[in-house]
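Scope of the values below: all heavy atoms of this structure, side chains included, with no hydrogens, waters or symmetry mates.
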Protein chains: 2
Amino acid sequence: MARWEPGADGRLREAALTLFLERGYEETTVAEIAQRAGVTARTYFRHFADKREVLFSGAEGVRAGMAEAMAGAPADATPVAVAGLALDAAAEAIGHRRDFYRQRQVVVEANVELQERELMKLAGLADVLAAGLRERDVPDPEARLVAEAAITVLRVGFHRWVASAHDTVDLGVTLREVLGELVGLRG
Amino acid sequence: MARWEPGADGRLREAALTLFLERGYEETTVAEIAQRAGVTARTYFRHFADKREVLFSGAEGVRAGMAEAMAGAPADATPVAVAGLALDAAAEAIGHRRDFYRQRQVVVEANVELQERELMKLAGLADVLAAGLRERDVPDPEARLVAEAAITVLRVGFHRWVASAHDTVDLGVTLREVLGELVGLRG
DNA sequence: GTCTATAGTGCGATAGAC
DNA sequence: GTCTATCGCACTATAGAC
């Protein structure tokens, strides 16, 4: 038998979400999460930079998907069209686990620290988008604005999607709808 | 002579910004800020909910200004026009102290925790905007989208403004420019 | 105004995989 | 032997409880 069971990372994530749902984020200590996952608190902090990060480690996959989608977009695509493809990729990375994100959302909405981290992760995605647009020679004032606008679409659309009463709602479709509404805005 | 000097609040704010600029946010303890302001750490936490909040207490004035501007907007104004008036009010509350916000920005950009709090304050302003639009009978999916889009304008425009090399740039003008760019976006 | 719990860090030791 | 994941302990500062 191995000295330790493999997959500490996944066990910690699952233990954390379960405990946060049962007793709340603040009322759960890192030591308790670690114990439930069969490791020590010191190991928790080796996997996650801080207590909150256990709920947000999925963002890396989204970043990668968006960057790849932008790099592969047609050369003549407009900035907004490129952002649309990046949003499609985000939907691809997120949209197949609505149950998980609904549970996670309950925890996040109950705690300000977690909301802060969520916004920071979204800001990081905006940076990825802006960098991807600049890579395609979109000049910086416009690249920044389109990137931030696309993240607004992601935030608003994601919220509609997790709050929706129907399982059948597709995240990708929702994001495209919101993007259409945004570019349709008039003063 | 009074038992304590008046304006502990203002002294704490000033002491905090000075120390954060000199030695960095993380390297400064609450006890040091309190000592420089002539109070105890306990008093610091009576004035500010946590260590970070000392840099963000100005947000309340912005909230109030935006809410008032929206309530006073013409009855036939479009949602985007109402958001524009709210942005004008935000510029009014912020724009006259560019030096302060430039210094503050140096501190915030050097620390992730502070960036998280900043994003949370902006999200709070989005809530104010959405509520103000709903008050004017703008239905909720649109109210939310316009509110979040306006905060995108505020974020992008504020950043251009503090980063500008010229003292003469006006925040209100900048926000109007960015709002125009956003509603001008096409797919 | 003091006391305490918890988050988070640094470092050395350990045990297995390769 | 090297590399990696873990433990265990000592330690500081925040933040809240008493």
*Could you give the start and end, 5' to 3', of the contact zone on DNA chain D for chain A, using atoms under 4.0 Å from its heavy atoms?*
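Both ends considered, the range comes out as dA5(D) to dC9(D).
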
With sequence neighbours left out, what residues match [X] under ring pair (Phe, Tyr, Trp, His ring centres under 6.0 Å)?
X         : answer
Tyr25(B)  : Phe20(B)
Phe48(B)  : Tyr44(B)
Phe158(B) : Tyr101(B), Trp161(B)

Side chains of residues 119-129 of chain A: which donor-acceptor partners sit under 3.5 Å, not counting sequence neighbours?
from, atom 1, to, atom 2, distance (Å)
Lys121(A), NZ, Glu53(A), OE2, 2.8
Asp127(A), OD1, Arg144(A), NH1, 3.4
Asp127(A), OD1, Arg144(A), NH2, 2.8

*Among residues 13-40 of chain A, which residues get a heavy atom nearer than 4.0 Å to DNA chain C?*
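Output list: Thr28(A), Thr29(A), Val30(A).
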
_Pairwise salt bridge (charged side-chain N to carboxylate O under 4.0 Å, His left out) hits with a residue in residues 89-100 of chain B, at least two apart_ =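 For residues 89-100 of chain B, and leaving out neighbouring residues, the salt bridge (charged side-chain N to carboxylate O under 4.0 Å, His left out) pairs sorted by first residue read Arg98(B)-Asp167(B).
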
*asked:* Which residues in residues 45-55 of chain B have a heavy atom closer than 4.0 Å to any atom of DNA chain D?
replied: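 Residues of residues 45-55 of chain B that come under 4.0 Å of DNA chain D are, in numerical order, Phe45(B), Asp50(B), Lys51(B).
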
Would you mind writing out the side-chain donor-acceptor pairs for residues 175-187 of chain B within the sub-3.5 Å range, not counting sequence neighbours?
from, atom 1, to, atom 2, distance (Å)
Arg176(B), NE, Asp88(B), OD1, 3.1
Arg176(B), NH2, Gly84(B), O, 3.3
Arg176(B), NH2, Asp88(B), OD2, 2.8
Glu181(B), OE1, Arg160(B), NH2, 3.0
Glu181(B), OE2, Arg160(B), NH1, 3.1
Arg186(B), NH1, Val183(B), O, 3.2
Arg186(B), NH1, Gly184(B), O, 3.3

*Can you list every pair that meets side chain to side chain donor-acceptor pair (under 3.5 Å) and has a residue in residues 12-23 of chain B, with sequence neighbours left out?*
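Those involving residues 12-23 of chain B are Asp9(B)-Arg13(B), Arg13(B)-Ser57(B), Arg23(B)-Glu32(B).
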
*May I have all residue pairs that pass side chain to side chain donor-acceptor pair (under 3.5 Å) and include part of residues 63-83 of chain B, sequence neighbours excluded?*
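As it turns out, there is no side chain to side chain donor-acceptor pair (under 3.5 Å) pair with a partner in residues 63-83 of chain B once direct neighbours are skipped.
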
*What residues, two or more places apart in sequence or in another chain, satisfy side chain to side chain contact (heavy atoms under 4.5 Å, CB included) together with Ala77(B)?*
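Residues passing side chain to side chain contact (heavy atoms under 4.5 Å, CB included) with Ala77(B): Pro74(B), Ala81(B), Val82(B), Arg136(B).
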
*Base, sugar-phosphate, or nothing: which does Ala8(A) touch, judged by heavy atoms less than 4.0 Å apart?*
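Sugar-phosphate contact only - Ala8(A) comes under 4.0 Å of backbone atoms but never of a base.
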
_Side-chain ion pair, Glu118(A) and Arg155(A), N-O less than 4.0 Å_ =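 No, this pair does not count.
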
